Visitor: 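I'd like to ask some things about the structure below.
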Amino acid sequence: QVQLVESGGGLVQAGGSLRLSCTASGRTFMMQTIGWFRQAPGKEREFVAGIMWSLGSISYAESVKGRFTISKDNAKNTVYLQMNSLSPEDTAVYSCNAAQIGSGPLPGDYWGQGTQVTVSS
């Protein structure tokens, strides 16, 4: 009922920046929380950042606090992840995720296709 499409991934040198976008379509009025997860090769998927669609409350993983910023544009049904001071440890597939109202915290039922972020030394 909700479709998520990410963009903005790519190759960047250590210390550089990237901005990811996730645009939602379909029954977006059902979304309560939207955010980002990432998964590096050989590692489990981990939470990166999330934001409440209506309230705007934000949560970050400790590893990205002070470097990453999540924001949203309700009119565009889009959430952004500004990533600064990137390091090779940030290399992963970044996926957008949304949770339906009443379904609990992230991860929710809706996933984007993922976008690759590669940070070189």
Side-chain angles (χ1 to χ4, degrees):
Q1 292 182 309
V2 176
Q3 296 80 45
L4 305 173
V5 179
E6 305 102 326
S7 63
L11 176 65
V12 65
Q13 294 183 352
S17 299
L18 284 174
R19 188 195 192 206
L20 306 183
S21 298
C22 173
T23 299
S25 61
R27 298 194 175 194
T28 57
F29 58 85
M30 298 175 63
M31 296 192 305
Q32 179 172 276
T33 310
I34 189 168
W36 297 90
F37 289 76
R38 67 184 183 186
Q39 187 167 24
K43 296 184 178 181
E44 295 184 356
R45 182 202 304 146
E46 65 175 341
F47 171 79
V48 177
I51 186 168
M52 299 287 290
W53 194 247
S54 296
L55 297 176
S57 301
I58 293 172
S59 296
Y60 293 104
E62 191 67 29
S63 61
V64 306
K65 286 182 178 178
R67 299 189 299 122
F68 291 10
T69 302
I70 189 171
S71 61
K72 62 183 177 69
D73 186 333
N74 293 60
K76 296 181 179 180
N77 288 323
T78 299
V79 63
Y80 306 96
L81 186 67
Q82 178 66 45
M83 305 185 295
N84 299 327
S85 301
L86 286 164
S87 73
E89 294 179 340
D90 296 312
T91 295
V93 174
Y94 285 71
S95 298
C96 186
N97 176 261
Q100 185 176 332
I101 294 174
S103 67
L106 296 178
D109 291 336
Y110 305 104
W111 291 94
Q113 79 285 356
T115 185
Q116 176 71 47
V117 172
T118 302
V119 185
S120 62
S121 300

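Values in this document were obtained by computation on a predicted structure and should not be read as measured data.
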Visitor: Determine whether V119 and Q13 satisfy the following criterion, side-chain contact (heavy atoms from CB on, under 4.5 Å), listing intermediate values before the conclusion.
Guide: CA-CA 5 Å; V119 185; Q13 294 183 352; over 6 Å; no
Visitor: Any chance the rings of W36 and F68 have centres within less than 6.0 Å?
Guide: no
Visitor: What pairs of donor and acceptor atoms, side-chain ones from residues 92-109 against any protein atom, are under 3.5 angstrom apart with sequence neighbours left out?
Guide:
unit_1	atom_1	unit_2	atom_2	d
Y94	OH	R38	NH1	2.8
Y94	OH	D90	O	2.7
N97	OD1	G108	N	2.7
N97	ND2	G108	O	3.2
N97	ND2	Y110	O	2.9
Q100	OE1	Y110	OH	3.4
S103	OG	Q100	N	3.2
S103	OG	Q100	O	2.6

Visitor: Under the side chain to side chain contact (heavy atoms under 4.5 Å, CB included) rule, collect the residues that match up with S7, sequence neighbours excluded.
Guide: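 For S7 the side chain to side chain contact (heavy atoms under 4.5 Å, CB included) partners, ignoring immediate neighbours, are S21.
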Visitor: Which other residues belong to the hydrophobic cluster containing L55, where Ile, Leu, Val, Met, Phe, Trp and Tyr are joined when side-chain heavy atoms lie under 4.5 Å apart, directly or via other members?
Guide: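 The other cluster members (ILVMFWY side chains, heavy atoms under 4.5 Å, direct or chained) are M52.
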Visitor: Tell me which donor-acceptor pairs under 3.5 Å the side chains of residues 73-81 have, and how far apart each pair is, sequence neighbours excluded?
Guide:
unit_1	atom_1	unit_2	atom_2	d
D73	OD1	A75	N	3.1
D73	OD1	K76	N	3.3
N74	OD1	K72	NZ	2.6
N74	ND2	W53	O	3.2
T78	OG1	T23	OG1	3.2
T78	OG1	K76	O	2.9

Visitor: Spell out, as yes or no, whether a donor-acceptor pair under 3.5 Å connects the side chain of T91 to the backbone of P88.
Guide: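 Yes.
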Visitor: Quick one: list whatever passes salt bridge (Lys or Arg N to Asp or Glu O under 4.0 Å) with E62, sequence neighbours left out.
Guide: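 Partners of E62 by the salt bridge (Lys or Arg N to Asp or Glu O under 4.0 Å) criterion, ordered by chain and then number, come out as K65.
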Visitor: Scan for ring-ring contact (aromatic ring centres under 6.0 Å, His included) pairs involving residues 2-33, sequence neighbours excluded, and state none if there are none.
Guide: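 Found none.
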Visitor: How close do V2 and A24 get, counting heavy atoms only, and between which atoms?
Guide: CG1-CB, 4.4 Å
Visitor: Donor-acceptor pair, R67 side chain versus S85 backbone, under 3.5 Å?
Guide: yes
Visitor: Just verifying a value: how many Å separate T118 OG1 and L18 CG, rounded to the nearest 0.5 Å?
Guide: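 One finds 9.5 Å between OG1 of T118 and CG of L18.
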Visitor: What are the two closest heavy atoms between V64 and V48, and how far apart are they?
Guide: CG2-O, 3.6 Å
Visitor: Donor-acceptor pair, distance only, cut-off 3.5 Å: does the side chain of Q113 make one with the backbone of E6?
Guide: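 Checking the backbone N and O of E6 against the side chain of Q113, a donor-acceptor pair under 3.5 Å is found.
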Visitor: Quick one: pull up OG in S59 and CD1 in I51 and give me the separation to the nearest 0.5 Å.
Guide: 9.5 Å
